[in-house]
2 protein chains.
Amino acid sequence: MAVTQSSSPLRGAALEAWRGYLQSHAGIVRELDADLIAHHELTVRDYEVLLYLSQADDRQLPMSALSERTMLTRSGITRLVDGLVDQGMIERASCERDARVSYARLTDAGYGKLRDAGRTHVAGIERLFLSHFTAVELEQLAELLSRLPGATGGGQCTAGGPAAPPATESCSVE
Amino acid sequence: MAVTQSSSPLRGAALEAWRGYLQSHAGIVRELDADLIAHHELTVRDYEVLLYLSQADDRQLPMSALSERTMLTRSGITRLVDGLVDQGMIERASCERDARVSYARLTDAGYGKLRDAGRTHVAGIERLFLSHFTAVELEQLAELLSRLPGATGGGQCTAGGPAAPPATESCSVE
DNA sequence: GGATTGTAGTTGACAGATCAACAGCACCAG
DNA sequence: CTGGTGCTGTTGATCTGTCAACTACAATCC
């Protein structure tokens with residue numbers, strides 16, 4: 001389990017890897033957020049939600065599915081979606097089969113906004129993250145990061161709803 | 001520059017790498033935080049601040065130096081430090097040479113708390129992050145992540161204060 | 001010296017997210 | 001069909017951190 005020396009200080013590559021992991025994340029997310037807000041009045045979180053919806057069947061997803069994908073709390077998602085509903089990008093819909101679930105559905109306006117913002121966002125990701133690596137390195141990185149907790153699969157929708165994840169995902173609307 | 005195709009959707013390894021990066025970070029930090037709070041009533045941020053102070057000369061650092069290292073705003077650091085002062089882990093000190101700067105100095109109580117919490121925290125980092133990689137892989141990872149913005153060097157103290165970073169850093173008090 | 005410019009830190013107002021508690025519904029056991 | 005258990009989503013209270021504005025001081029230029 002490699003936890004035998006758990007009380008020894010972190011050293012060398014281990015420390016660098018960990019620090020790099022933490023600090024780069026903070027810096028990149030902050031800048032992506034600033035970019036998206038400046039150009040589209042949209043948060044990275046907002047964008048993420050719109051994106052997930054755009055990839056789902058009928059462009060809708062139960063709240064809890066959004067919660068899992070975004071790593072937010074259910075209550076966090078409720079409030080985030082509230083905001084997007086106020087802006088007209090999302091509308092709520094009820095589920096016929098299970099009256100507990102409430103779908104968040106992407107509106108046409110939301111889809112349009114997502115397309116616009118997507119250009120900015122993908123450009124940002126490439127500039128701040130992808131452009132620093134070669135294709136081979138990206139594969140290495142993907143493989144390494146996939147072993148970490150939370151990164152596995154992304155989590156399916158546990159509700160019996162029709163929210164089967166599409167086979168090929170993308171990070172901007174195509 | 002590799003930004004020529006900036007409007008194309010992210011695919012394959014690029015997408016996996018990026019998703020893994022985001023999701024693993026959220027999951028790991030959340031769990032580390034829960035661990036530390038449960039066992040020591042301390043946030044990861046709190047821990048980070050105490051750690052940086054413990055590594056500095058005289059166990060003190062100007063607020064802005066803390067701000068750079070933690071990737072927090074100056075105002076964020078003010079409030080975080082306020083909390084740690086209330087808990088008696090940090091005390092404020094003024095600078096003789098520059099009346100604008102205010103040092104945060106680690107108290108003995110804070111140092112003790114840091115030592116205790118360090119065991120939990122390092123164990124958590126090893127369990128959630130390090131244990132998934134070999135030594136060679138950690139070197140690769142460190143090298144790859146070091147290219148990302150925000151991960152470079154960690155930033156020195158811009159104030160003329162005596163806060164020269166130590167040559168060998170560690171991630172827990174030794 | 002005196003004015004200008006820039007830096008360090010704090011504060012008020014606010015956004016973002018969490019936790020705990022709750023209401024409504026599904027489902028299984030009896 | 002009735003009761004218990006568990007899941008979904010929302011709400012109130014709270015916390016954390018940001019932004020913008022401000023004070024106080026330093027440094028530079030005239």
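Sequence lines set the chain letters: A, B, ... in the order given, protein chains first and strands last, and positions in each chain run from 1. Note that the coordinates shown come from a computational prediction; the quantities given were computed from them, not determined experimentally.
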Spacing of [X] atom [atom1] relative to [N] atom [atom2], expressed in whole Å:
| X | N | atom1 | atom2 | value |
| --- | --- | --- | --- | --- |
| D46(A) | dG16(C) | CG | P | 7 Å |
| L42(A) | dA15(C) | CG | P | 16 Å |
| Q60(A) | dT8(D) | CD | C1' | 16 Å |

Neighbour count >12 (heavy atoms, 6.0 Å) for atom CD, E41(A): no
With a 6.0 Å cut-off (strictly less than), is the heavy-atom count around CG of D86(A), excluding the residue itself, greater than 12?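 Atom CG in D86(A) is packed in, count exceeds 12.
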N/O to N/O distances under 3.5 Å, protein versus nucleotides 24-28 of chain C:
| from | atom 1 | to | atom 2 | distance (Å) |
| --- | --- | --- | --- | --- |
| dA26(C) | OP1 | A99(A) | N | 3.3 |

Between atom CG of L141(B) and atom CG of L145(A), what is the distance when rounded to the nearest 0.5 Å?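 L141(B) CG to L145(A) CG: 6.0 Å, rounded to 0.5 Å.
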Considering non-hydrogen atoms only, spot the tightest contact between A17(A) and A142(B) and give its length.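 Distance-wise, the nearest heavy atoms are N-CB, 3.6 Å.
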Compare every heavy atom of L106(A) with every heavy atom of G110(A), then report the nearest pair and how far apart it is. C-CD1, 3.9 Å
Give the residues of residues 31-39 of chain A touching DNA chain D, defined as any heavy atom closer than 4.0 Å, sorted by residue number.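 The stretch gives none, as no residue of it lies under 4.0 Å from the strand.
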Can you label the angle between the Y21(B) ring and the Y21(A) ring as parallel, tilted or perpendicular, going by 30° and 60°? perpendicular
State whether R92(B) places a side-chain N or O below 4.0 Å from either non-bridging phosphate oxygen (OP1 or OP2) of dT10(C).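 Answer is yes, contact under 4.0 Å.
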Please determine if R92(A) forms a cation-pi arrangement with Y103(A), meaning its NZ or CZ atom is less than 6.0 Å from the six-membered ring centre and no more than 45° off the ring axis.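 Cation-pi check for R92(A) and Y103(A): fails.
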Given the ring of F133(A), does R147(B) sit roughly above its face, with NZ or CZ under 6.0 Å from the centre of the six-membered ring and within 45° of the axis? no
Side-chain donor or acceptor of T73(A) paired with backbone N/O of G76(A) under 3.5 Å: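 Checking the backbone N and O of G76(A) against the side chain of T73(A), no donor-acceptor pair under 3.5 Å is found.
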Is the backbone of R100(A) close enough, under 3.5 Å, to the side chain of D98(A) for a donor and an acceptor to pair up by distance?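 Present.
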The single option from T78(A), L80(A), I77(A) that satisfies side-chain contact (heavy atoms from CB on, under 4.5 Å) with L66(A) is I77(A)
Sugar-phosphate or base contact per nucleotide [nucleotides 13-22 of chain D; S, B, -; heavy atom under 4.0 Å]: B---SBB---
For T78(A), which contact category applies under a 4.0 Å heavy-atom criterion: base, sugar-phosphate, or nothing? base
